[in-house]
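One structure is given below, encoded as structure tokens.
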Amino acid sequence: MGGLEKEATIHVGKRGLSAMVIVPRLACSIFYFHRKFRQIEPDSGRVKTCKKQDVICNLFIEHKGQEMKTKFSHVNIISNSWKKLADFYISVFDCKPKPPERNLSGDWVDNLTDLSNTEINGVHLILPGYDTEGPTLEIFEYNKNIINAGKNINLEGFGHIAFAVENVEQKLNLLLENGGSAVGKLIDAKIEGVGKISVVYARDPEGNIIEIQKWE
């Protein structure tokens with residue numbers, strides 16, 4: 001059935017040539033029994049006989065009508081020492097490594113990045129509050145990094161990442177002990193229509209900006 005086989009779960013029945021193909025995203029079931037294709041109608045639960053070409057056609061039409069789901073995947077930081085920076089986020093913000101480590105090179109990497117003779121090393125970190133299926137912090141190091149001297153709080157483009165914590169001051173102190181630095185002062189403020197927040201902007205050891213916050 002085109003490319004749908006890879007997305008289907010096949011269960012082999014106990015009576016002869018019987019199999020059920022369940023395609024979760026299409027909410028329908030097709031099975032082959034007594035040399036005929038049969039389909040379970042999702043609304044009524046009734047079984048009807050159908051031709052193979054009709055099955056393929058119907059699945060294709062339904063598949064085409066499905067909207068592609070989108071979810072957030074990861075944030076990437078380019079580091080000058082990816083292992084040290086990964087250790088910082090593990091020690092300070094309770095991130096966890098998600099194996100395997102990445103060691104990327106070859107023509108496909110050059111074509112992807114539009115660079116020549118590229119080598120990328122790094123790791124994905126599971127963010128606090130998420131499991132292995134959640135978004136990650138991707139820390140990469142290129143064999144030829146370009147130094148970014150303009151990591152200012154108001155620089156256009158991606159600005160910072162934020163962590164919600166139980167105690168902002170304690171987390172800031174832990175950050176400072178692990179080679180980070182503060183950008184401004186720790187502030188307690190009330191944002192109308194949102195709530196009360198304790199918040200501070202800080203930097204990791206490579207100057208990337210982090211917001212540490214607690215809402216009440």
Side-chain angles (χ1 to χ4, degrees), residues 70-105 109 112-115 118-216:
T70 303
K71 68 177 184 179
F72 188 76
S73 175
H74 66 266
V75 172
N76 172 273
I77 296 178
I78 302 303
S79 169
N80 60 44
S81 179
W82 73 264
K83 289 185 178 180
K84 289 183 179 180
L85 192 60
D87 286 341
F88 170 84
Y89 282 95
I90 291 169
S91 299
V92 177
F93 291 106
D94 304 317
C95 295
K96 297 179 180 179
K98 183 179 180 180
E101 294 181 359
R102 304 300 199 269
N103 299 286
L104 312 176
S105 63
V109 176
L112 176 66
T113 59
D114 197 28
L115 298 172
T118 307
E119 296 178 9
I120 305 173
N121 299 291
V123 69
H124 279 250
L125 299 180
I126 301 170
L127 293 167
Y130 293 92
D131 58 22
T132 56
E133 300 302 316
T136 59
L137 180 61
E138 179 186 69
I139 300 180
F140 275 0
E141 179 180 351
Y142 283 72
N143 58 331
K144 299 176 183 177
N145 280 1
I146 296 176
I147 297 175
N148 180 0
K151 296 178 182 179
N152 297 318
I153 192 69
N154 59 343
L155 184 70
E156 291 183 353
F158 291 106
H160 64 267
I161 59 175
F163 291 92
V165 302
E166 293 182 354
N167 188 305
V168 175
E169 185 175 9
Q170 286 183 5
K171 189 63 71 173
L172 175 62
N173 289 335
L174 183 59
L175 176 143
L176 298 174
E177 292 171 5
N178 283 270
S181 60
V183 172
K185 296 180 180 180
L186 195 163
I187 300 296
D188 293 320
K190 182 177 181 180
I191 300 178
E192 202 65 39
V194 182
K196 296 180 180 178
I197 187 174
S198 295
V199 60
V200 66
Y201 284 121
R203 298 179 188 272
D204 67 23
E206 296 190 9
N208 302 296
I209 298 174
I210 303 167
E211 178 181 337
I212 307 172
Q213 59 167 244
K214 179 183 180 182
W215 285 96
E216 296 180 0

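Note that the numbering runs from 1 along the sequence shown for the chain. Nothing here was measured: the structure is a model prediction, and the numbers come from that model.
- With rounding to the nearest 0.5 Å, the separation of NZ in K96 from NZ in K98 is 13.5 Å.
- A pairwise comparison of heavy atoms in L85 and N208 identifies CD2-ND2, 4.2 Å as the closest pair.
- No side-chain donor-acceptor contact under 3.5 Å links T136 to the backbone of E138.
- Atoms OH and CG, from Y89 and D94 in turn, are 13.5 Å apart once rounded to the nearest 0.5 Å.
- Sorted by first then second residue, the side-chain hydrogen bond (donor to acceptor under 3.5 Å, both in side chains) pairs that include residues 160-184, not counting sequence neighbours, are H160-E211.
- In this structure, K151 places its NZ atom where more than 12 heavy-atom neighbours from other residues, nucleotides or ligands lie under 6.0 Å away.
- In this structure, OH on Y142 lies 15.0 Å from CH2 on W82, to the nearest 0.5 angstrom.
- In terms of heavy atoms, L176 sits closest to A182 at CD2-N, 3.9 Å.
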_From CA spacing to verdict: side-chain contact (heavy atoms from CB on, under 4.5 Å), I77, L137_ = CA-CA 8 Å; I77 296 178; L137 180 61; 3.9 Å; yes

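- Between the side chains of S79 and E206, at least one donor-acceptor pair of N or O atoms lies under 3.5 Å.
- With a 4.5 Å cut-off on side-chain heavy atoms, V199 and I212 do not count as touching.
- Using cut-offs of 30° and 60° for the angle between ring planes, the H74 and H124 rings count as perpendicular.
- With rounding to the nearest 0.5 Å, the separation of CG in N121 from CG in N143 is 8.0 Å.
- The SG atom of C95 sits 5.0 Å away from atom CG of L127, with the distance rounded to the nearest 0.5 Å.
- Contact record, S105 with E119: CB-CG, 4.1 Å, taken as the closest heavy-atom pair.
- Contact between I126 and T132 at its shortest, heavy atoms only, is CD1-CG2, 3.7 Å.
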*Under the side-chain contact (heavy atoms from CB on, under 4.5 Å) criterion, do F140 and R102 qualify, and how do the steps go?*
CA-CA 8 Å; F140 275 0; R102 304 300 199 269; 3.8 Å; yes

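- More than 12 heavy atoms of other residues, nucleotides or ligands lie within 6.0 Å of CG in N103, so this atom counts as buried by the packing criterion.
- Within the model, atoms OG of S198 and CG of L186 stand 6.5 Å from one another, a figure rounded to the nearest 0.5 Å.
- Closest heavy-atom contact between A202 and L172: CB-CD1, 4.2 Å.
- Residues passing the salt bridge (Lys or Arg N to Asp or Glu O under 4.0 Å) test with D188, sequence neighbours excluded: none.
- Annotation for G195 and W215: closest pair O-CZ3, 3.7 Å, computed over non-hydrogen atoms.
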*For side-chain contact (heavy atoms from CB on, under 4.5 Å), just list the numbers for L175 and F93, CA-CA rounded to whole Å, side-chain angles, deciding distance to a tenth of an Å, and then say yes or no.*
CA-CA 9 Å; L175 176 143; F93 291 106; 4.0 Å; yes

*Stepwise, does the side-chain contact (heavy atoms from CB on, under 4.5 Å) test hold for L125 with I139?*
CA-CA 8 Å; L125 299 180; I139 300 180; 3.8 Å; yes

